[in-house]
Student: 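The structure is given below, and queries will be raised subsequently.
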Amino acid sequence: MAYLELEKLHKEFGDFTAIEEIDVSVQAGEFLSLLGPSGCGKTTALRIVAGFERPTSGRVVVEGKDLTHVPPNHRDMGMVFQAYSLFPNMNAADNVEFGLRVRGQNGAERRKRVEELLELVGLTAAAKRYPHQLSGGMQQRVALARALAIEPRVLLLDEPLSALDAKVRVQLREEIRRLQTQLGITTLYVTHDQEEALSISDRVAVLSQGQIEQIGAPAEIYNAPGTPFVAEFIGTMNRLEATVSDEGRVQVNGTVLPVTEARGLPRGERVLVLVRPEILELQRADGAASAALVGDVVAHIFLGAITRVKVDAGEYELSADLPGHKAAELPVGSRVAASFPADGGRVLALSEQPATSGAQAPAGR
Amino acid sequence: MSKSGWFWVAIGLLYFLLPLAATAEFSLKDGDSYSFAAYREILDDPQFRDTFFLSLKLAAVTIFVALLLFVPTVYWVHLRLPHLRPLVQFLCALPFVVPPIVLIVGILYVYNYKWVPANYLGSPYYLIPGYVVLGFPFMFFALDNAFRAIDVHTLTEASQSLGAGWTRTLLRVILPNISAGAFAGAFLTFALVMGEFTMASLALFSTFPTYINYIGQTKANPAAALTIISFGITWLALLGILLVGRRPGRTAVQVGGTH
């Protein structure tokens, strides 16, 4: 049995279904992220685990104990909020000490623990400073120390980095992961930032409209998205509607492309072929192989280490990520042929598409 | 500021200070010379001391009752019943439009019920419920502002997640962060009780305001002295609001963080 179990968790607010019977199990010491666009139910799920919301039905079980009806102050869950959660009337040390005072720990022990935790988050020098004297990043570190001080059964983080600027965000997320690994604490992390989720989690659960689309290791989510929604939400994806034409081959707009995953599918079936921009290869159209989509380069987007080349291939606009020098060989206006290795394309049944076609396709980062 | 700006400020100050200066001058007049005789007369009057301390006591009890009533109420409205806030706001503003005379008649009517103990009716604490009601707008709006300046939900949830129950959350987390508002409400209520005449007079109690009125009708110079004293008390209360509102570390404003 897993350490933390969400069993058939369901939550309705009036007519709106925030979460639809989701099941999630988290192993002891595991770092699981709930990832999804706003309104997908991830924060509601976290708040149910924390005890701030009651589920309409379903259970929250930790170590085999049903906590569904236990009030939040008896759950032993450490929570880090988006922002502004530090008690403004207490300095950093007093904030960290608060939970220990509630637990009636004696003074000397308490102070020692507070010192340890502030050291852990690198804020020993700021112990006597009040929240309004701390930067946003420092405030979140104190909030983290405060949540960890009570040695919670589960650490809950609700978009703790969303109010910080980009550089601090990356720095702090690595630190959160380091502390989590070091302390071996079971962690539930809510974010809408896919890069964040993929970079620090053991596993990621992608949510959309109150349902779990896919749960898996970050690499699995990225390389083998299980649904069109996941494919589009995570990173950037070229999506091609195709028909299975032959064993291991699909036809896109009259062009036949070999795709390993299409093997075993009945001929004539409509499928969705998904290809990552970094998998897509571009060549000048003159010497190209036949198994390629032909189009014109319409834009270069400089992304630092790579350049994203946009190709207008009639019905589709394709994106290909190329090293800068390669992209330079294909200036805007060039006629190019886009292809990909047979094992580089992911095939999903097209019938799943309508359910999620309305979902937003975030720009890749 | 421009020249005309200063001109209007000067006019305003004159309008405000001239009567005050005249009253002060008159209060110091002793025949053809000046002295503190009028002040001495007031301060030596046992009735002054009785009524003054009675009003102080009434103010203290009123503030206590009002805080006890309003801090949890406003907290709960902000936390769980935000949709009821306009209604509460309206109800709390009613004493502004309902004259105190209506209020005291209403209270007298309520006190006719048999369950009200007779010895309570004979004591000046009789006035407390009326004062609390008259203080509704001051207490409510002062606290409402303070609660709006803090993130009630997050602070409450943070406190709860750390294991604190409602009482500890209210006393240790919420109250210290709205204390400026609580003090403002308290000082305003204080000034109200120290100046409320209608109710006390109609209910036939001798409080500080009725004493002021009595002196005003009987003794000229001491009346001016009393006005200055009473004015000083009100000013001290207002000064108190300013000072408490400025105390560092108490203000709920977080300037850190990026949002």
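Heavy atoms only: backbone and side chains are in, while hydrogens, waters and symmetry mates are out. Convention: sequence-line order gives letters A, B, ...; per-chain numbering from 1.
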Student: If you count every heavy atom of other residues, nucleotides or ligands that lies below 6.0 Å from Glu12(A) atom CD, does the total exceed 12?
Tutor: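 Buried by this count: over 12 neighbours within 6.0 Å.
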Student: Taking all non-hydrogen atoms of both residues into account, name the closest pair between Ile150(A) and Ser161(B) and its distance.
Tutor: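 So the minimum-distance heavy-atom pair works out to CD1-O, 3.8 Å.
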Student: Under a 4.5 Å heavy-atom cutoff, which of Arg172(B), His153(B), Glu157(B) has the most pairs with chain A?
Tutor: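 Heavy-atom pairs under 4.5 Å are most numerous for Glu157(B).
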Student: Crowded around Glu119(A) CD? As in, over 12 foreign heavy atoms under 6.0 Å?
Tutor: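 It does not: Glu119(A) CD has 12 such atoms or fewer within range.
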Student: By ring-ring contact (aromatic ring centres under 6.0 Å, His included), which residues pair with Trp76(B), not counting sequence neighbours?
Tutor: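 Trp166(B).
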Student: Using only non-hydrogen atoms and a strict under-4.5 angstrom cutoff, which residues of residues 64-77 of chain A touch chain B?
Tutor: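 Hits under 4.5 Å: Pro72(A), Asn73(A), Met77(A).
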Student: Flag yes if more than 12 heavy atoms outside Phe96(B) fall under 6.0 Å of its CZ atom; otherwise flag no.
Tutor: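 Counting neighbours around CZ of Phe96(B), more than 12 heavy atoms of other residues, nucleotides or ligands fall under 6.0 Å, so yes.
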Student: Sort Arg103(A) into side chain, backbone, both or neither according to what part of it lies under 4.5 angstrom from a heavy atom of chain B.
Tutor: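 Just its side chain gets close to chain B.
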Student: Do any of residues 78-93 of chain B have a heavy atom less than 4.5 Å from a heavy atom of chain A, and if so, which, in residue order?
Tutor: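 So no residue qualifies.
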Student: Would you compute the distance between atom OH of Tyr84(A) and atom CD1 of Ile150(B) and round it to the nearest 0.5 angstrom?
Tutor: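 One finds 14.5 Å between OH of Tyr84(A) and CD1 of Ile150(B).
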Student: Report yes if the side chains of Phe98(A) and Val173(B) come closer than 4.5 Å at any heavy-atom pair, otherwise no.
Tutor: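 Sidechains of Val173(B) and Phe98(A): in contact.
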Student: Given heavy-atom pairs under 4.5 angstrom as the criterion, report whether the side chain, backbone, both or neither of Ser159(B) touches chain A.
Tutor: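 It is both, since atoms from each part get that close.
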Student: Closest approach of Leu86(A) and Leu155(B), non-hydrogen atoms and distance?
Tutor: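 Distance-wise, the nearest heavy atoms are O-CD2, 3.4 Å.
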Student: Who in residues 170-180 of chain A is close to chain B, using a strict under-4.5 Å heavy-atom cut-off?
Tutor: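 Counting heavy atoms that sit under 4.5 Å from chain B, no residue of residues 170-180 of chain A is involved.
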Student: Minimum heavy-atom separation for Ser85(A) to Thr154(B), with atom names?
Tutor: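 That closest heavy-atom pairing would be CB-CG2, 3.4 Å.
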